[in-house]
Structures are given as structure tokens and as C-alpha cells.
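First comes the structure, then the notes that go with it.
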Amino acid sequence: MDIKVLGPGCAKCEQVEKLIKETIKELGVDAKVEKISDLMEIAQYGIIITPAVVIDNDVKVTGKVPSKEQIKSWFEK
């Protein structure tokens, strides 16, 4: 699973990255988390407001910090 946290490095972006890493560790999910801060690369995903989370090229959230429960729901099969 490929997870991208998109954002310029703001506090909310850092919080999202931390929450995702904590959640995948708790759930034992095999995933690679990548932080993307390049604005041109972020724009390629159609993202206008950050932070944003993209999992396997599917945009899950933009413009807010998701709850841990919401993050967990992304990993349910």
C-alpha cells in the first residue's frame, strides 16, 4: 500500500503524517508513507487545499486533519 501525505510542511500536515504512521503501526498494515511537499507534484493530484492524503492514487481527504477512526476505515477490507 502506497500512502502519500501532501502538504507544504505545515503543522496540520505533520499531524496527519504522524496519525497515519501511528494507525498503520497499530493495525499492522504493510504500507509505505511518503511526504510530498512539492507544490507542482501536489497539484498533479488535483489538490487545492492541504493537508491531503492519497492512498494507492485515491484521494481520501483534503483540507483537514482526519480522525483516527476515519484513517482506520481506509484500511478496512
Donor-acceptor contact below 3.5 Å, side chain Asp56 vs main chain Asp2: yes

Taking atom NZ of Lys18 as the centre, does the number of heavy atoms from other residues, nucleotides or ligands within less than 6.0 Å exceed 12? no

Treating Lys4 as the side-chain partner and Val59 as the backbone partner, does any N or O pair qualify as donor plus acceptor under 3.5 Å? no

With a 4.5 Å limit on heavy-atom distance, are the side chains of Glu17 and Pro51 in contact? no

Are Met1 and Val16 connected into the same hydrophobic cluster when the rule is that any two of I, L, V, M, F, W, Y join if their side-chain heavy atoms are below 4.5 Å apart? yes

Calculate, to the nearest 0.5 Å, the distance between atoms CG and CG belonging to Leu6 and Leu39 respectively. 10.0 Å

CD1 on Ile3 to NZ on Lys32, rounded to 0.5 Å: 10.5 Å

Quick check: closest heavy atoms across Gly7 and Ile42, and the distance to 0.1 Å? N-CD1, 3.5 Å

Check side chain to side chain contact (heavy atoms under 4.5 Å, CB included) between Lys25 and all other residues, then give those that pass, not counting sequence neighbours. none

Inter-residue atom distance Leu19.CG - Ile24.CD1, 0.5 Å rounding: 11.5 Å

Is Trp74 close to Val61 at the side-chain level, that is, under 4.5 Å between some pair of heavy atoms? yes

Can you tell me how far apart CD1 (Ile47) and CD1 (Ile36) are? Round to the nearest 0.5 Å. 10.5 Å

Show which side-chain atoms of residues 62-72 pair as donor or acceptor with protein atoms under 3.5 Å away, not counting sequence neighbours.
| from | atom 1 | to | atom 2 | distance (Å) |
| --- | --- | --- | --- | --- |
| Ser67 | OG | Gln70 | N | 3.0 |
| Lys68 | NZ | Glu22 | OE1 | 3.2 |
| Lys68 | NZ | Glu26 | OE2 | 2.7 |

